[in-house]
**Student:** 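Have a look at this one before I ask anything.
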Amino acid sequence: MPAPDPASSPTADTRPDGPVARAAARLVGLARARPLVTLALALALTAAAVLHAAATLEIRTSTTDMIDGDVPFRRNAVAFDQAFPRLDETIVAVVDAGDGPAAGRAADALAARLADAEAVRDVYVPFSGPFFARNGLLYLDEDALAGLVDTLATAQPFLGPLAQDESLRGLFDLLTTLAEARARDPDALPGDADTLVAVLDRLAAVIGARAGGEAARVDWRALIGGTAAGTDGPGGPRRIVVVEPDLASGAVVPGKAAIAAVQTAAASVEEDGAGVTIRLTGEPVLEQAELRTVARGAGTAGMLSVLLVAAILVVGLRSARAVAGVLVALVCGLIWTGGFAALSIGHLNLISVAFAVPFVGLSVDFGIHFALRAAEHRREGRAVPESLDRAARGVGPSLALAAVCATIGFLAFVPTDYRGLAELGIIAGAGMLVALFAALTVLPAILSLWPGRVGRAARGRGTAIPLPGGRALAALPVRAPRAVLAVAAV
């Protein structure tokens with residue numbers, strides 16, 4: 001049986017080539033003529049992109065920075081941060097303890113441990129220090145201050161004898177005297193029975209806790225001042241420690257070292273003080289948590305998309321050389337796009353960091369179409385150079401059109417005040433053109449070096465697995481164009 005005439009093949013393209021087809025064929029021709037040089041240049045470009053991105057590319061974790069700085073509320077936020085720099089980019093440690101004195105001691109201990117930390121610029125504890133020890137009561141509301149003064153005046157006759165004998169014997173002598181005096185005449189002493197009952201109840205609770213091995217204390221300040229449990233401030237069992245970190249510029253997580261130092265110091269304070277709990281918040285802590293979540297999600301999504309694409313390529317192409325070529329071109333294009341992001345923008349944000357997912361999903365189509373068209377010409381019995389040239393002329397214009405359309409679609413994100421989305425549009429839009437370039441250079445070079453055998457393809461064994469009803473589905477737009485258009489319109 002004579003070999004089929006390539007010229008009479010139904011896939012032979014007899015139309016005149018346009019400028020895009022000629023440009024694609026010229027680019028593919030250069031790659032297949034010097035495949036080793038092409039792959040060496042691609043490897044060098046990939047290494048340069050990796051090194052440049054590793055040295056300069058940072059991830060900005062601030063959600064407010066993803067909004068254009070010219071928006072009015074962003075200008076106000078910048079002015080506020082400049083007016084109150086200690087409130088900007090600070091780590092806040094929330095110290096909880098059983099009572100106010102214990103919380104104060106734990107907060108002071110944490111501040112002392114962080115005073116000499118290299119990653120910490122400054123640390124201070126609100127409502128602490130000599131100034132607040134002398135003037136802290138003046139920060140109370142007028143009504144609260146007046147009530148406290150009345151309480152102290154009422155307790156003065158009892159505080160005097162206790163100050164003379166601060167031992168446990170002096171305390172119980174005072175309580176015995178109070179109880180006996182009230183038993184004789186309830187109106188003979190200032191105050192009321194509820195105050196005395198509260199003191200006795202608290203003493204009983206502390207004694208019982210101590211007997212059970214717990215580190216309980218009597219919060220005299222709360223008993224005298226009436227501070228409610230769970231409140232912040234000078235008398236409450238909660239303290240706030242504000243830490244100003246040394247934000248390392250260029251680091252992926254600028255406050256990582258400072259956060260680690262605070263966590264280490266907090267763990268030490270919690271271990272030394274029974275019943276002390278220290279939790280961290282603040283912009284650097286929240287940004288680190290957001291970055292960890294985004295990085296985990298982007299990494300999982302990226303790896304999953306690559307694995308699924310590889311599985312689809314194996315099932316659909318059924319050619320090791322085609323799968324390898326498409327995947328290598330995909331990885332090169334992805335790294336080149338990351339290098340472009342480092343060169344053009346210099347950073348990624350919490351949205352643009354996921355550019356790899358749309359890149360993988362869209363750019364792999366370029367390699368698939370080119371590899372299938374080249375395999376189709378190989379099945380016709382054509383040599384590798386001619387197959388690659390015809391594939392470039394046949395699908396080059398359509399791939400270029402698809403890449404330009406995808407680029408325009410992503411660049412439509414740019415005219416927005418939402419900078420995070422605009423930067424994603426720039427990176428992903430450029431990535432489409434980069435992916436087209438990789439598909440027309442790296443892939444042809446690999447197919448030239450690893451041409452495979454023609455015999456199997458010439459005997460009619462295709463590269464794709466036929467789907468049930470595939471031919472009927474492919475012919476549907478030709479047989480019933482009106483119905484297809486009607487369904488699409490609906």
Side-chain angles (χ1 to χ4, degrees), residues 1 3-25 28 305 308-319 322-323 325-326 330 357-382 386-412 428-429 432-433 435-436 439-440 443 456-490:
M1 182 175 181
D5 183 9
S8 62
S9 172
T11 60
D13 193 353
T14 58
R15 294 171 298 178
D17 294 333
V20 178
R22 291 194 297 270
V28 171
S305 61
L308 290 176
V309 164
I312 292 174
L313 291 177
V314 171
V315 173
L317 296 180
R318 301 179 67 186
S319 169
V323 172
V326 172
L330 175 65
V357 176
F359 180 91
V360 171
L362 294 175
S363 64
V364 71
D365 294 339
F366 301 150
I368 291 175
H369 284 288
F370 184 87
L372 287 177
R373 180 57 65 91
E376 185 178 8
H377 289 302
R378 287 282 283 161
R379 289 197 301 272
E380 296 170 355
R382 304 183 189 277
E386 185 180 4
S387 298
L388 296 177
D389 181 76
R390 284 179 171 269
R393 296 177 184 275
V395 301
S398 58
L399 296 184
L401 178 61
V404 171
C405 290
T407 299
I408 294 175
F410 282 117
L411 292 181
M432 295 298 97
L433 301 179
L436 177 64
L440 296 180
L443 179 56
R456 281 178 38 180
R459 289 196 296 267
R461 295 185 61 180
T463 58
I465 297 178
L467 298 177
R471 293 183 180 275
L473 182 63
L476 182 61
V478 179
R479 291 189 295 104
R482 296 181 183 273
V484 172
L485 292 178
V487 172
V490 171

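Just so it is clear, the values below take in all heavy atoms, side chains as well, and ignore hydrogens, waters and symmetry mates. All residue numbers refer to positions in the sequence shown, counting from 1.
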**Student:** Would you say that Phe370 contacts Leu436 through its side chain, given a criterion of any heavy-atom pair below 4.5 Å between the two side chains?
**Tutor:**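 Phe370 does not reach Leu436 side chain to side chain.
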**Student:** In the structure I gave you, are the side-chain heavy atoms of Arg382 and Arg390 within less than 4.5 Å of one another anywhere?
**Tutor:**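 Yes - at least one pair of side-chain heavy atoms lies under 4.5 Å apart.
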**Student:** In chain order, what residues pass the side chain to side chain contact (heavy atoms under 4.5 Å, CB included) check against Pro397, with sequence neighbours excluded?
**Tutor:**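 Expected list: Val20, Ala21.
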**Student:** Output all residues satisfying side chain to side chain contact (heavy atoms under 4.5 Å, CB included) with Ala402, sequence neighbours left out; order by chain, then residue number.
**Tutor:**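 Applying side chain to side chain contact (heavy atoms under 4.5 Å, CB included) to Ala402 gives Phe366.
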**Student:** Does some side-chain heavy atom of Val364 sit less than 4.5 Å from a side-chain heavy atom of Ile312?
**Tutor:**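 When only atoms from C-beta onward are counted, Val364 and Ile312 do not touch, as no gap falls below 4.5 Å.
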**Student:** Do NZ/NE/NH1/NH2 and the carboxylate oxygens of Glu376 and Arg373 come within less than 4.0 Å?
**Tutor:**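 Salt bridge present between Glu376 and Arg373.
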**Student:** In the structure I gave you, are the side-chain heavy atoms of Asp365 and His369 within less than 4.5 Å of one another anywhere?
**Tutor:**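 Heavy-atom side-chain distance check passes, below 4.5 Å.
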**Student:** Mind checking what makes side chain to side chain contact (heavy atoms under 4.5 Å, CB included) contact with Thr407, not counting sequence neighbours?
**Tutor:**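 Counting only residues at least two positions away or on another chain, Thr407 forms a side chain to side chain contact (heavy atoms under 4.5 Å, CB included) with Leu411, Met432, Leu433.
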**Student:** Which pair of non-hydrogen atoms, one from Ala24 and one from Leu440, has the smallest distance, and what is that distance?
**Tutor:**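 Of all heavy-atom pairs spanning Ala24 and Leu440, the closest is CB-CD1, 4.3 Å.
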**Student:** Decide if atom CZ of Arg482 counts as having more than 12 heavy atoms of other residues, nucleotides or ligands within a radius under 6.0 Å.
**Tutor:**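 No, not enclosed.
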**Student:** Of the non-hydrogen atoms in Val28 and Ala392, which two are nearest, and what is the gap between them?
**Tutor:**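 It is CG2-CB, 3.6 Å.
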**Student:** Side chain to side chain contact (heavy atoms under 4.5 Å, CB included) with Ala483: which residues, sequence neighbours excluded?
**Tutor:**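 Listed in chain order: Ala480.
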**Student:** Shortest non-hydrogen contact from Leu317 to Val326?
**Tutor:**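 Looking at all heavy atoms of both residues, the closest pair is CD1-CG2, 4.3 Å.
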**Student:** Can you see which heavy atom on Ala391 is nearest to which on Ala374, and at what distance?
**Tutor:**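 Shortest heavy-atom contact: CB-N, 3.7 Å.
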**Student:** Asp389: what forms a side-chain hydrogen bond (donor to acceptor under 3.5 Å, both in side chains) with it, not counting sequence neighbours?
**Tutor:**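 Scan of Asp389 (side-chain hydrogen bond (donor to acceptor under 3.5 Å, both in side chains), adjacent residues dropped) gives Arg393.
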